[in-house]
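Structure first, then comments.
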Amino acid sequence: MLRSKAFSLLKPIPLMSGQSNLAYKFIRPAIASHGHCCHRRSVDYRQRYKTHPGSAGGRTISAPQTKVMAEEELPGVLILDIGGTHGVLENLAALLKKHFRLITMKEFLQNKKEMSKKIQAVFVFECRPIIDRELLESLPNLKVIGNSGVGVDHLDLKMISSFGVKVTNTPHAVADSTADIGMALMLASARRLVEGCQIAVSPDTKYFAVDWLGVEVTRATLGIIGMGSIGYRVAQRARAFDMRILYHNRNRRKEEEEAVGAHYCEKMEDLLQQSDFVMVVVSLTPETHKLIGKKELGLMKPTATLINISRGAVIDQDALVEALQSKVIRAAALDVTYPEPLPRDHPLLKLNNIIITPHIGTATVQAIRMMAEEAITNMLAVLNGQPIPSEVFPK
Amino acid sequence: MCGKIMGEGELPGLLVDEIGGKHGILHGHVAFLKKHFYLITMKEFLEDRKRMSKKVQAIYLWWHKPVIDQELLQSLPNLKVIANSGVGMDHLDLKLVASFGVKMANAPRAVSSSTADTGMALLLASARRLVEGYHIAVSSGMEYSEADILGVEVTGATLGIIGMGSIGYKIALRAKAFEMNILYHNRTRRKEQEERAVGATYCEKIDGLLQRADFVMVVVSLTPQTHKLIGKREMELMKPTATLINISRGAVVDQEALVTALQTGVIRAAALDVTYPEPLPRDHTLLKLKNVIITPHLGIKTDKATYMITEEAVENILAALNGLPIPSEVLPS
């Protein structure tokens, strides 16, 4: 894959609704953004949505068998690119090719007349290609947008729906990897792992101080905000560390509660006040935007740690900076920020009681493959008029 | 002043290396210790040997200090017990100490959870390339590609635990929640019930474990038998996609062989909470490799665990001084 200069070229580009942005995809400088992120959009499409109640269960997602067809007969799927900075990884392209005729954005633009009719699906990988009105208007046979990943806050669900196009996501493929990252961040922050690594290799280190301590995870209290399938898996893992688990969710989940010994907190305030670790695992909607702000941070214990594996915008970042600087909370660990990546002069990057990772929630060889397979399954279901495992609806 | 006014001579004397400082007893523990003992630092002892030597009935080793040698043992006629902070006893000459009729105790209960947590923290950090990711996220102008951040899956992977004592078993309990497939190798096989509780499969030969594991976690005590337990041969048996995690003692892994294995892709990566020596010399090759993370012996370094260790040590010391069975006595093998 090509390397790209990540941060020096970062410029926010305001996007006005209705403005054509097809050209902008090629003019703007290449910026590495390896995450499910929409860092430069000032118009955002955060919307209410719910996943279809008929979402298929089970962890293993495998792309269904299709009979061998000549490439031309296969339904066309639009992708941004193969390889390159933001393109689909080579091995994923190979998976897609088994079921679809792959059409890159470049090929589409070079031959719109012929290509536009062939495209029945768009595979959105790491938020690309960007789906706007102009694109939708130019794809008369488009039936489905298959998103790789579970978050769809980068998609204008209402607008897409108005074109009669369905949207699907990949909730099953992401759950375990994302829960694992939540646990990794909690443990790394509690035990000061990143700081420790720096001490271990620093040329100035002469000895390891014995009064250099972290905080205990075993038997501590974990408060999970958002007990969906990812939050539940976090609870399952945390239970093995003898953690006391509290959770706050739109709806109470009695069965799951019993299975992991979690206590429901109807009021988020109660969870915040009692937790040693607060993990945010919600989807980004208008209701969850800045869910954790100054008030919520103030309710947390001064010894507590905040972990965010949702979306950056769920936390009021300015309030977080202040809380970390004045030790209102002990520390934070973020796999997601707003934007991604943060501007290089952002105060969050200067604090020593924070860990930030570049949205690696599903960054494993296996998870990326599973997401592609789940997206393929969903797209084929739409095209074949079969029940759709993970359709996402505007509210 | 406390309720019962006791002359300092009435509390048994407890020798410690120092209070505070680089390696000293944590300040937060002093009040608790003073409830039960008359604290004597090595400095105070050396300044006034004649008077102090008879008072010392117990020694509390904090991070392997003070060093216990023949001379010290000979100068403490009333010494009854040495309590170690932590579980490893490889820094003590157990036979020598026993020859003076002095009992020894470690603190296994207090350390096991925190050390197991450290093992899991390292496993996850290495698998998901957390430290590399952090540097990418916060550094200015750093170029990176997908290949730089893609890690390997933990859920559903195979974990091979070498040494299934109380720490190893707690690791198995945690790993099970990640749906990991658990193999283990131990001097003695655990009870079937215990194996079933964590879904662990016994590997009588270490080779079988090494060949099948995606993550190899070493959780043994350092003895002559476990010295360089993991060397060139063992690493070559491991999968090239596997990760080695060491939370035992540095000397359990052949460090030179590890450098070679990491440089040539014989194994994917390593995560070491312990090295030999600690810290490593600043020019050591291990510090330069991208596919290894080294932590400064995090083991039990939490507020709660360290306090529990002192509590456990005090419990052992008081038992010894009162002629009662010592909860965590360690005998020379």
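Residue numbering restarts at 1 for every chain, and letters A, B, ... go by the order of the sequence lines. Worth saying up front: this structure is predicted, and the values here are computed from it rather than measured.
Contacts between B:Ile300 and chain A at a heavy-atom distance below 4.5 Å involve the backbone alone (N, CA, C, O). Of the two parts of A:Met186, neither the backbone nor the side chain holds a non-hydrogen atom closer than 4.5 Å to a non-hydrogen atom of chain B. The contact between B:Leu26 and chain A is made entirely by side chain atoms (from C-beta outward), counting heavy-atom distances below 4.5 Å. Contacts between B:Thr118 and chain A at a heavy-atom distance below 4.5 Å involve backbone atoms as well as side-chain atoms. Looking at A:Ile354, only its backbone comes within 4.5 Å of chain B, counting heavy atoms on both sides. For chain B, the nearby part of A:Arg219 is the side chain; its heavy atoms alone come within less than 4.5 Å.
We find that A:Asp276 and A:Arg330 are not joined by a salt bridge, their nearest charged nitrogen and carboxylate oxygen being 4.0 Å or further apart. Ionic pairing of B:Arg174 and B:Asp117 is present here: one or more N-O contacts between side-chain nitrogen and carboxylate oxygen are shorter than 4.0 angstrom.
With respect to chain A, the highest number of heavy-atom pairs below 4.5 Å among B:Leu130, B:Val154, B:Leu123 belongs to B:Leu130. For chain B, the option among A:Ala190, A:Gly214, A:Ala367 with the highest count of heavy-atom pairs below 4.5 Å is A:Gly214. Counting heavy-atom pairs closer than 4.5 Å to chain B, the top-ranked of the candidates A:Arg191, A:Gln236, A:Met183, A:Gln366 is A:Arg191. Comparing B:Leu124, B:Leu122, B:Leu173 by heavy-atom pairs within less than 4.5 Å of chain A, the highest count is held by B:Leu124. Across B:Gly299, B:Gly21, B:Pro277, the residue that shares the most heavy-atom pairs under 4.5 angstrom with chain A is B:Gly299. Heavy-atom pairs under 4.5 Å with chain B peak, among A:Ile356, A:Thr357, A:Leu349, A:Val217, at A:Ile356.
The shortest distance between side-chain heavy atoms of A:Val234 and A:Ile245 does not fall below 4.5 Å.
Counting non-hydrogen atoms of other residues, nucleotides and ligands closer than 6.0 Å to OH of B:Tyr307 gives a total above 12.
Seen from the ring of B:Tyr169, B:Arg190 counts as a face-on cation partner, given the 6.0 Å and 45° thresholds.
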Would you be so kind as to tabulate the donor-acceptor pairs closer than 3.5 Å made by side chains of residues 198-207 of chain A, with sequence neighbours excluded?
from     : atom 1 : to       : atom 2 : distance (Å)
A:Ser202 : OG     : A:Asp204 : N      : 3.1
A:Thr205 : OG1    : A:Ile199 : O      : 2.5

**OP:** Output, in order, the C-alpha distance, side-chain angles, deciding distance and verdict of side chain to side chain donor-acceptor pair (under 3.5 Å) for B:Ser126 and B:Arg268.
**Re:** CA-CA 10 Å; B:Ser126 180; B:Arg268 184 197 75 97; 3.2 Å; yes
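Ring geometry for B:His64 against B:His91 counts as parallel: the plane angle stays under 30°, on a 0 to 90° scale with 60° as the upper cut.
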